[in-house]
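This one's a predicted model, so the numbers in the text were calculated from it and none came from an experiment.
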Amino acid sequence: MRQFAIFDVVFTGDHRPACLVCGHIFGLHCIKKWLSQPEREKRLCPQCKTKAKEQDIRLLFLSKTAICLVDNSELEGARNGLKQAKEELRRIKMQQSSMENDQRMAKLQIIAANEENRRLARELEDAKLLVEEFKRQVGVVAAGSTTMAAAAAAATVGTPQITTNAAVKYGLVLELMRDYKEASARVMAFYQAGHRLVISQKLNAANHGPFGGGSGLKMVSCLDFNTTEVMPLNTGLIRDICVNEANGNTLIGSMDKSLLLVNLNQKSVIHKYQEDFAVWSVAWNRDDSKYFYCGLADGSVSVYDIRYLAGRVNRLSREGSGNPPVFQLTHMERRHDHKFSPSGLVVSSTNRCGFYTSSSPSLDQHEFFDFEQMGSQFATTFDRPTRMIARSYRPHASCQFIRHSMEEFSHSLSTSPKIQLNTLHSVSRGALAGVMYRGTFLSLCGRADESSADNLRLAMPDQSSCSVLLWDLMDRNPKQTLKTPQLPLDLCAFVNNGRPLTAVLMENGLQVYASRAMQ
């Protein structure tokens, strides 16, 4: 409803003044308009809101030089125009923010498209390298055993000693390929499309200037194991790394409560999220890569949507206080070709291991299945093709050695669905040296996606003997023992150009081994 402007009193002009019974002065023409409005609730004094009617108007007979009223309708119009302009500016800012988000997403899509082009170019180069490698191998075979003896004599001083169970007819033989001297390395991951190992590294001020004292990523090319690059990050100690193979977007969890989203191809930080607690573990959703997860030091899990930069979209918390950190997150994609087909998030902490499943990637409406624990857990190893999991437990009163339990997922399709872990094999060996570490599953075949339980080996560090032990799913004793010069912290098995490789990360070293079958 239109509102009439009320006039202010000034000492110029000859506008006729009038007042109401409450004593407030207005222009005669304007107060009549105000009180003649059809709405009863508007029939009030504009100043003190006292009830008034047109009959209450009293004329004031004043000298022209004493007082007069000036029409301020233009001022009121200007005020209304300013208010509308502010609202329009607010609307434009909201549109601008939306356009900036759309532009950011478009840039990510462009990065993904450019990476796809680079990936195709790399595949072409890899095909050429494979041809050259095939020619070289043909030449090695033709040279006979003399060449093999010469290669063994040329091995690097300090090559790890390998002991193999003589009864094994088919297994892994690990050969030292390269040694890297790193500084304070902790975790690593493999970027298949980029043929790179991505390793966390503490940076020193002498070589990295303003980034000194923080952490960064060291990327080692798996084509020649010579080319390395360093990507400085303004963050604390890195606890976990997870790479999205589709576009090179990588999650970095840090002890300084930050969660970084970086792109390995562009070598740039896309966004930095800030959490309430230290970030111990990270994982991408393998069914919908717009979503990712991070495990926190208070035992909770945060859910993020890459399209929403303000912060997390959901949080999964445990009841009570003093919960241990979530040291491992693994997302299992939906697999209709596997006997265990559900998708979900495996969450591991020292006193709990469970499975979140939901129809929504944000886990808004979810079910949680808690798995039985056999003690204090400190490591979880997962094999994606076979969906096998190995859980490692600390020594306790009834077992003075570390226990590794190899298990498989199972579920029932009854009216009350249930997901659980069934133990296939368990082994005990060694004692914990006080530092948490991670193991891996090794495949004996040339393609990791074709592995089965029969051709798997579980590789786990044994810090008490400073070695890596390889177990199968049957024997109580390790199939092989690989001595390392330092305490092994992280293991990573991968297939590069059809060749199974295994990387062993130590605090000040990285060793890469090739595997081959033997009869």
Partner residues of [X] under the side-chain hydrogen bond (donor to acceptor under 3.5 Å, both in side chains) criterion, sequence neighbours left out:
X: Ser348; result: Thr380
X: Arg104; result: Asn101
X: Arg391; result: Gln373, Tyr393, Glu407
X: Lys272; result: none

Looking at Gln274, I want to see if its CD is surrounded by more than 12 non-hydrogen atoms of other residues, nucleotides or ligands under 6.0 Å.
yes
More than 12 foreign heavy atoms under 6.0 Å from CD of Gln365: is that the case here?
no
Kindly write out the residues that satisfy side chain to side chain contact (heavy atoms under 4.5 Å, CB included) with [X], not counting sequence neighbours, or none if the list is empty.
X: Gln266; answer: Ile111, Arg118, Asn263, Ser268
X: Ala193; answer: Glu115, Arg119, Arg122, Tyr191, Glu245
X: Leu124; answer: Lys128
X: Ser343; answer: Asp287, Arg334

With a 3.5 Å distance limit and no angle check, can you tell me whether [X] reaches the backbone of [Y] through a side-chain donor-acceptor pair?
X: Gln192; Y: Val495; result: yes
X: Asp490; Y: Met188; result: yes
X: Thr250; Y: Gly248; result: yes
X: Asn265; Y: Asn247; result: yes

Closest contact, heavy atoms only, Gln420 versus Phe371:
CA-CE2, 3.8 Å
Minimum-distance pair of heavy atoms, taken over all atoms of Lys418 and Phe369:
CA-CE2, 3.8 Å
Apply side chain to side chain contact (heavy atoms under 4.5 Å, CB included) to the pair Leu421 and Phe409, showing each step before the final yes or no.
CA-CA 5 Å; Leu421 290 175; Phe409 287 86; 3.6 Å; yes
May I ask you to check whether [X] and [Y] show a side-chain donor-acceptor distance below 3.5 Å?
X: Ser362; Y: Ser360; result: yes
X: Glu275; Y: Ser302; result: yes
X: Ser200; Y: Arg186; result: no
X: His336; Y: Ser341; result: no

In chain order, what residues pass the ring pair (Phe, Tyr, Trp, His ring centres under 6.0 Å) check against [X], with sequence neighbours excluded?
X: His271; result: Tyr273
X: Trp284; result: Phe292
X: His366; result: Tyr356

Report yes if the distance between the aromatic ring centroids of Phe441 and Phe382 is under 6.0 Å, otherwise no.
no
Sorted by chain and residue number, the salt bridge (charged side-chain N to carboxylate O under 4.0 Å, His left out) partners of Asp102 (sequence neighbours excluded) come out as none
Ring geometry between Tyr293 and His331 (parallel below 30°, tilted from 30 to 60°, perpendicular above 60°):
parallel
